Amino acid sequence: GGGLYIAKPETSVTISGGTISGNSADGKGNGIAIANGYLKMKGNASVDSNNDVYLADGKVITVTGALTGTSPVATITPENYTDGTTVLEAESGVNLANEVGKFTVTPDGSTKYYIASDGKMYKYKPVAQFTTVPAAGDTAGLETMDDFEKVAEWVNAGNDFTGVTLILLTDVTLDSSFTPVGDYNGSKVFTGGTFDGNNKTITYNNVSFTQKYSGIFSGAKNATIQNLNLEGTLNVNADYAGCVIGHAEACTVKNCSSSVTITVGSSSQYGIGGIVGVAEGSYISAQARERTCYILDCVNTGSIITETVSYIGGIVGKASVCVIRNCINKGNITGAKCCGGIVGLTTMSGSDNYGSLIENCGNNGNVSATSSVSYRSGAGGIAGGPTAINEDWYPHINNCYSSGTITCAYMSPGGIFGYDNDKCVLSKCYYSNPSQACSNGSPSGSSKYTDVSSILSDMNSLNNSDSATYRRWKVSGSVLEFE
């Protein structure tokens, strides 16, 4: 190591600030070489990109606190370039997924690598270098808006992406010339693949959506979209739009966050979500679906403002038999009818005779439905309302909470659900206002709270299982946030 050589098994070095730079080595690791022992990093610590960190086989960098320096904070040169080699770990309390994107890997000749959210490295090939559509097992790296346009060409040609991973390698800004990848209305959807945002950020720079079903992806089916941050401003002038996907069928959307401010024009009528416009499970019949669409660990802090458009949700605009878990909305939601902190409209029945399952979710934003027309006019802290008065189509809402102010022009608002309480199933749900959980009363399983700390223990009482992991809550001022 030109700057630092860690050779003894018992040696542990922690770097919490400053930059290692200007070194060189005859062997491996111009900046640092780890043959044995441990290297830990946190704070604004960094190793200049010309001073790589060499890791002997089995050695890793341990992140002990959030890294605040300019990325990349270090370039890793591993002894072993095998796919799936672990190069980063995190101490308890540190979210490794938020830190991996701050490191890079020295290419192995012409082969490039990225570090996934689990700290393991995998090879990839830049999108621009593909002369044909990626095949199963390929990983394609995106770095520019042009790369998204190339992916759009593949999707529009009707290709299936099963087994293909698209990985976002840098922050990308989308300008006013951007159009969504694919066209759900024309059956051109991202099918079967994985889009991994790699905890990078996509910025909407005054982008306008005029295509029905819009997002980064117009539509996705049997796909996974994960680890993506979004910010900026977005104008929507079409039905069914989300910052990530316009229409998601039998997809998993997880660990996505949006601070995008969405304004909705007069050309829109329905279905705007902070993350997804429309989410639905696999098709069974015209009025039923399997609960195969999962929206997990997503956050919206951006506002969605419209006086004329209905089915507005902080996370999902319209949900048809989905599982929505560990999501939180902090943005203010204003629409005409069926407005909710998490979901605007819930619809359709699952094979077990109820609609969507919404659990361990929270709303800290204000929600308002401004229409004085009676049909589907509800506003709720968690969900706005159902599409029909049919108990099979109502959601089950479990272990959810809302602190926001909920208002509705036509009917009484609900602290949890913006419709009748006789068919809605609530369990361990808490709200601060208005005076009732649903539009016409408070069913069992719901309670109004005055002190948020009084509900913390109960909100944290869900037990993880093989099928579900529940994030824990903490008190933050007068509201609950995820730990």
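If you're wondering where the values come from, they're calculated on a predicted model, not measured in any experiment.
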side-chain contact (heavy atoms from CB on, under 4.5 Å) partner of Tyr240, the single match among Lys212, Gln211, Gln269, His247: Lys212
Between Ile382 and the options Val367, Ile397, Val343, the side-chain contact (heavy atoms from CB on, under 4.5 Å) test singles out Ile397
Distance-only side-chain donor-acceptor flag, [X] / [Y], under 3.5 Å:
X: Thr210; Y: Asn237; answer: no
X: Tyr401; Y: Ser432; answer: no
X: Asn227; Y: Asn255; answer: yes
X: Thr203; Y: Glu231; answer: yes

Is there a side-chain hydrogen bond (donor to acceptor under 3.5 Å, both in side chains) between Asn332 and Ser303? Walk through the geometry before answering. CA-CA 5 Å; Asn332 293 330; Ser303 62; over 6 Å; no
Could you tabulate the donor-acceptor pairs under 3.5 Å formed by side-chain atoms of residues 154-164, not counting sequence neighbours?
residue : atom : partner : partner atom : Å
Asn156  : ND2  : Ala152  : O            : 3.2
Asn159  : ND2  : Trp154  : O            : 2.7
Asp160  : OD1  : Thr162  : N            : 2.7
Asp160  : OD1  : Thr162  : OG1          : 2.5

For the rings on Tyr394 and Phe417, is their centre-to-centre separation under 6.0 Å? yes
So with a 6.0 Å cut-off around NZ of Lys42, is the heavy-atom count from everything else above 12? no
More than 12 non-hydrogen atoms from neighbouring residues, nucleotides or ligands closer than 6.0 Å to CD on Glu143, yes or no? yes
[X] and [Y]: which non-hydrogen atoms are nearest, and at how many Å?
X: Ser368; Y: Thr407; result: OG-OG1, 3.1 Å
X: Phe178; Y: Val181; result: CZ-N, 4.5 Å
X: Ser356; Y: Cys322; result: OG-N, 2.9 Å
X: Ser403; Y: Tyr449; result: CB-OH, 3.3 Å
X: Phe209; Y: Ala241; result: CD1-CB, 4.3 Å
X: Arg471; Y: Asn326; result: N-OD1, 3.2 Å

Could you tell me whether the side chain of [Y] reaches within less than 4.5 Å of the side chain of [X], counting heavy atoms only?
X: Asp118; Y: Leu96; result: no
X: Ile406; Y: Ser402; result: yes
X: Ser176; Y: Asn206; result: no
X: Ile202; Y: Leu228; result: yes
X: Ser439; Y: Cys408; result: no
X: Val244; Y: Leu230; result: yes
X: Lys448; Y: Ser442; result: no
X: Asp297; Y: Cys327; result: no

Is the backbone of [Y] close enough, under 3.5 Å, to the side chain of [X] for a donor and an acceptor to pair up by distance?
X: Asn366; Y: Thr405; value: yes
X: Ser259; Y: Gly302; value: no
X: Arg291; Y: Gly355; value: yes
X: Asn235; Y: Ile262; value: no
X: Ser218; Y: Tyr184; value: yes
X: Thr306; Y: Thr308; value: yes
X: Glu99; Y: Leu67; value: yes
X: Asn199; Y: Ala97; value: yes
X: Asn198; Y: Leu168; value: yes

What residues, two or more places apart in sequence or in another chain, satisfy ring-ring contact (aromatic ring centres under 6.0 Å, His included) together with Phe217? Phe190, Phe195
Would you mind writing out the side-chain donor-acceptor pairs for residues 454-462 within the sub-3.5 Å range, not counting sequence neighbours?
residue : atom : partner : partner atom : Å
Ser454  : OG   : Asp451  : O            : 2.5
Asp458  : OD2  : Tyr430  : OH           : 2.4
Asn460  : OD1  : Trp473  : N            : 2.7
Asn460  : ND2  : Trp473  : O            : 3.0
Ser461  : OG   : Lys428  : NZ           : 2.3
Ser461  : OG   : Asp458  : O            : 2.6

Going by an N to O cut-off under 4.0 Å, is there a salt bridge joining Lys474 and Glu483? no
What I want to find out is whether Glu249 reaches Arg289 closely enough, with some N-O distance under 4.0 Å, to be called a salt bridge. yes
Counterpart residues, salt bridge (charged side-chain N to carboxylate O under 4.0 Å, His left out), relative to Lys330 (two or more places apart): Glu481
Go through the structure and list residues passing salt bridge (charged side-chain N to carboxylate O under 4.0 Å, His left out) with Glu149, not counting sequence neighbours. none
Nearest-0.5 Å distance, CG of residue Leu426 to CD1 of residue Ile416: 6.5 Å
Going through the checks in order, is the side-chain hydrogen bond (donor to acceptor under 3.5 Å, both in side chains) test met by Asp239 and Ser268? CA-CA 5 Å; Asp239 291 347; Ser268 298; 4.9 Å; no
Show me the pairs that pass ring pair (Phe, Tyr, Trp, His ring centres under 6.0 Å) and involve residues 271-294, at least two apart or across chains. none
side-chain contact (heavy atoms from CB on, under 4.5 Å) between Gln226 and Thr194, intermediate numbers included: CA-CA 8 Å; Gln226 62 187 10; Thr194 295; 4.0 Å; yes
